Number of protein chains: 2
Amino acid sequence: MPVTLVEVAARAGVSPATVSRVLNGNYPVAESTRQRVEEAVRELDYVVNAHARALLHATSGIVGVVLNDASDPFFAGIARGIQGAAAETSRLSVICNSEGDPEQEFAFLDLLRGHRADAVILVGAAPEDEEYRAAAIARAKGLRSSGTRLVLCGRPAPGDDAPGDVVTIDNEGGSIAITRHLVELGHRRIAYVTGPDGRSTTTARLAGFRAALAEAGLAVDENLVVHGDFSRQAGREAVERLLAAGHDFTAVLAANDLVAAGAVSALRAAGRSIPDDVSVAGYDNLPTAVDVWPNLTTVHVPLEEIGRKAVELAFGPGNAQETTVVTVPTELVVRDSTAGPATG
Amino acid sequence: MPVTLVEVAARAGVSPATVSRVLNGNYPVAESTRQRVEEAVRELDYVVNAHARALLHATSGIVGVVLNDASDPFFAGIARGIQGAAAETSRLSVICNSEGDPEQEFAFLDLLRGHRADAVILVGAAPEDEEYRAAAIARAKGLRSSGTRLVLCGRPAPGDDAPGDVVTIDNEGGSIAITRHLVELGHRRIAYVTGPDGRSTTTARLAGFRAALAEAGLAVDENLVVHGDFSRQAGREAVERLLAAGHDFTAVLAANDLVAAGAVSALRAAGRSIPDDVSVAGYDNLPTAVDVWPNLTTVHVPLEEIGRKAVELAFGPGNAQETTVVTVPTELVVRDSTAGPATG
DNA sequence: CTGTTAGCGCCTTCAG
DNA sequence: CTGAAGGCGCTAACAG
């Protein structure tokens, strides 16, 4: 049904080859011919068929972004950076929500491979089990053999031999910084509401927490370490459980700002004032961190920059076999939700 | 570079057609042959070329989503609904951020047309000027002539003759409801921080505000109507300006929850307590509405449902010339940020 | 049940 | 500078 190049050629009274040359502009065409063709294009409202073109070039101009959930501000921030950078190379970004389900993730990877994506950027923490790792490596190899570049974003490489560049976040460093901040304020009993178990991000942030406490000569009370996912609700429920169990703590460190926001509601509902009774700290410095009252102390993660970096790696010069690993730094942001513990 | 169907055929010792039949499964093939083919596919790690396929079918299995900014929770919510519904019809969603720039929006529309998208869903308020309208209608016709379905989401149809189904939000109704709520609480001097000027959503919500006040026999003080965009910062700045100008008001109605969150910070910074000194109400019932303290009274907009509806319309039976318009209802959600004005 | 043939829409030689 | 021809990878007839 759509207009084809042949029809344009007929209308302009030239051969299809000439139309193609005008369209691509990379070949000499007489000015008068060009004008006639351009007019025909306009009159017929012709748009080239991207598939026919992709079939010839074995490339598609699309960048696949596979992430858990684009409505989560963490992923949204990275996706935003990717889109911006991809658009600058005039490529279309395709965002795919895997809902954190490895099966869906792999399905999207195959789909994207079928579409001959120029690059696929896989965003977010990875499951840490062996089976997943093996499958991920296989997928990575498959993508490369199809000529699709792969960049991992916010997760470590699945293995040394796996192809694909990597943009990781200094999660452990940020976690150390914010834990130190609490310790320096005088907190000794700090609750930690982590992300989902067995995910690389969770592990790294938790490791930072433990490292900072160890450094200060403080023991970790395992009763105060609660698992959840990266949602408000998880934060709320975790703190409710902690409170119900009668555990004693003067600060809550959360896996991210959403969790922290949930923690804040739970504490407030229990009549604890923040930061006077309990300090709360988040992670990621999501936009909502300043909606929460008091504004959250958190760790800034340069989300958009991470996305841009990923695109840079995908299409940068290091187009070869080597895999580049970039680690973006994080930075402590002190706001109003943390203070010294109540004396006594 | 990628493996082709012909190579698979050679490996399995059959003809390309047979491989195709195995792959598509819609044609009888001997069990033994099928197994040999499947093995070859596995060994070679073959994935069909989606472009070659699309070239035959004149369809691509992709749904284009064009919106201002996927990291904005309003758009993220709708996009989420679209993705879910599109996935159920095993179609890939392509999200494109236009940054609210009509030119980019049109560029994406053309791009998507070139990719022979099965449908394009255009999300968000539209500029209200004539020039844009004309261009939008032209694009809509172009898409239809290429066999791409168009659905408008959160905006009215550009014209009676423009093709494309529409999912609109009852913005005016929601605005009336929340304004009435404030009036019933006893507020008489209500500030309104609107969205960007000349956008359909802004106009509808403002109209609702005016209608509800008129209904109550109240005059609108134009000094209290301030324009901004749909951001926290706009909310903060608008309220700062209102305060600086010494205007007197007992409630702030915001264009959306982000703006309301900004308004809350500005008020708090000025030492006003909410809702005791000033009531604040938002719109959209974004996730962050419950991060703000006090939790925001707002108007619920069923974002995901809107997205799902849009996909339904795109691929539903009403596949014909007619354009369907669906208006989704909104609902008042009363939380803690609104109360009666301080007496005196 | 399986192979052969033609062609989707475009671009890229190769001639003219 | 322009046209004709072949083929990218796949599938839908048409034979067998």
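To find a chain, count down the sequence lines: A is the first, B the second, and so on, and within it residues start at 1. Just so we're clear, the structure is a prediction, and the values are computed from it rather than from any experiment.
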Which value, rounded to the nearest 0.5 Å, describes the distance between Ser98(B) atom OG and Ile95(B) atom CD1?
->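 Rounded to the nearest 0.5 Å, the OG-CD1 separation comes out at 12.0 Å.
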
Distance from Leu23(B) atom CG to Arg34(B) atom CZ, nearest 0.5 Å?
->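 With rounding to 0.5 Å, CG (Leu23(B)) is 10.0 Å from CZ (Arg34(B)).
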
Closer to the 5' end of DNA chain D via nearest nucleotide, is it Arg36(A) or Tyr27(B)?
->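 Looking at DNA chain D, the more 5' nearest nucleotide goes with Arg36(A).
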
Nearest-nucleotide wise, let me know which of Arg21(B) and Leu56(B) is further upstream toward the 5' end of DNA chain D.
->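 The answer here is Leu56(B).
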
[X] [atom1] to [N] [atom2], straight-line distance once rounded to whole Å:
X         : N       : atom1 : atom2 : result
Glu7(B)   : dC8(D)  : CD    : C1'   : 13 Å
Leu5(B)   : dG7(C)  : CG    : C1'   : 16 Å
Gln35(B)  : dC1(C)  : CD    : C1'   : 16 Å
Arg113(A) : dG9(D)  : CZ    : P     : 15 Å
Arg34(B)  : dC1(C)  : CZ    : C1'   : 12 Å
Leu23(A)  : dC10(C) : CG    : C1'   : 10 Å
Arg53(A)  : dG9(D)  : CZ    : P     : 18 Å

Report the nucleotide, chosen from [options], that has the shortest atom-to-atom distance to any side-chain atom of [X].
X        : options                   : value
Leu55(B) : dG9(D), dC1(C), dG3(D)    : dG9(D)
Ser20(A) : dT11(D), dC11(C), dC10(C) : dC11(C)
Thr18(A) : dG3(D), dG9(C), dC10(D)   : dG3(D)
His57(B) : dC10(C), dG3(D), dT11(D)  : dT11(D)
Val48(A) : dC10(C), dG3(D), dT2(D)   : dC10(C)

Report yes if a side-chain nitrogen or oxygen of Asn49(A) is closer than 4.0 Å to either non-bridging phosphate oxygen (OP1 or OP2) of dC8(C); otherwise report no.
->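 Asn49(A) to dC8(C) OP1/OP2: no side-chain N or O under 4.0 Å.
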
Ignoring backbone atoms, establish whether Thr33(A) has a side-chain N or O less than 4.0 Å from OP1 or OP2 of dT2(D).
->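 Answer yes for this pair, as a side-chain N or O of Thr33(A) is under 4.0 Å from OP1 or OP2.
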
Qualifying residue for salt bridge (Lys or Arg N to Asp or Glu O under 4.0 Å) with Arg11(B), from Glu38(B), Glu43(B), Glu39(B) =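 In the set Glu38(B), Glu43(B), Glu39(B), the residue that makes a salt bridge (Lys or Arg N to Asp or Glu O under 4.0 Å) with Arg11(B) is Glu43(B).
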
Polar side-chain contact Arg116(A)-dG9(D) base: donor and acceptor under 3.5 Å |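 Flag unset: no donor-acceptor pair detected.
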
On DNA chain C, nearest-nucleotide positions of Ala17(B) versus Ala17(A): which is more 5'?
->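 Looking at DNA chain C, the more 5' nearest nucleotide goes with Ala17(B).
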
Closer to the 5' end of DNA chain C via nearest nucleotide, is it Asn24(A) or Gly13(B)?
->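 In this pair, the answer is Gly13(B).
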
Using five pairs at either end of the helix from dC1(C)-dG16(D) to dG16(C)-dC1(D), determine the angle between the two local helix axes and round it to 10 degrees.
->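 Nearest ten degrees gives 40° for this helix.
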
Apply salt bridge (charged side-chain N to carboxylate O under 4.0 Å, His left out) to the pair Glu128(A) and Arg155(A), showing each step before the final yes or no.
-> CA-CA 10 Å; Glu128(A) 291 182 306; Arg155(A) 61 163 69 179; over 6 Å; no

Would you please say whether a donor-acceptor pair under 3.5 Å links the side chains of Gln35(A) and Glu31(A)?
->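 Judged by distance alone, the side chains do pair up.
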
Ala30(A) near the nucleic acid: base, sugar-phosphate alone, or nothing, with a heavy-atom cut-off under 4.0 Å?
->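 Sugar-phosphate contact only - Ala30(A) comes under 4.0 Å of backbone atoms but never of a base.
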
Does NZ or CZ of Arg91(A) come closer than 6.0 Å to the centre of the six-membered ring of Phe315(A), within 45° of the ring's axis?
->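 So Arg91(A) does make the cation-pi contact.
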
Salt bridge Arg133(B)-Glu130(B), side-chain N to carboxylate O under 4.0 Å =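 So Arg133(B) pairs with Glu130(B) through a salt bridge.
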
Check whether more than 12 heavy atoms from other residues, nucleotides or ligands sit under 6.0 Å from atom CG of Asp160(B), and answer yes or no.
->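 Result for CG/Asp160(B): open.
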
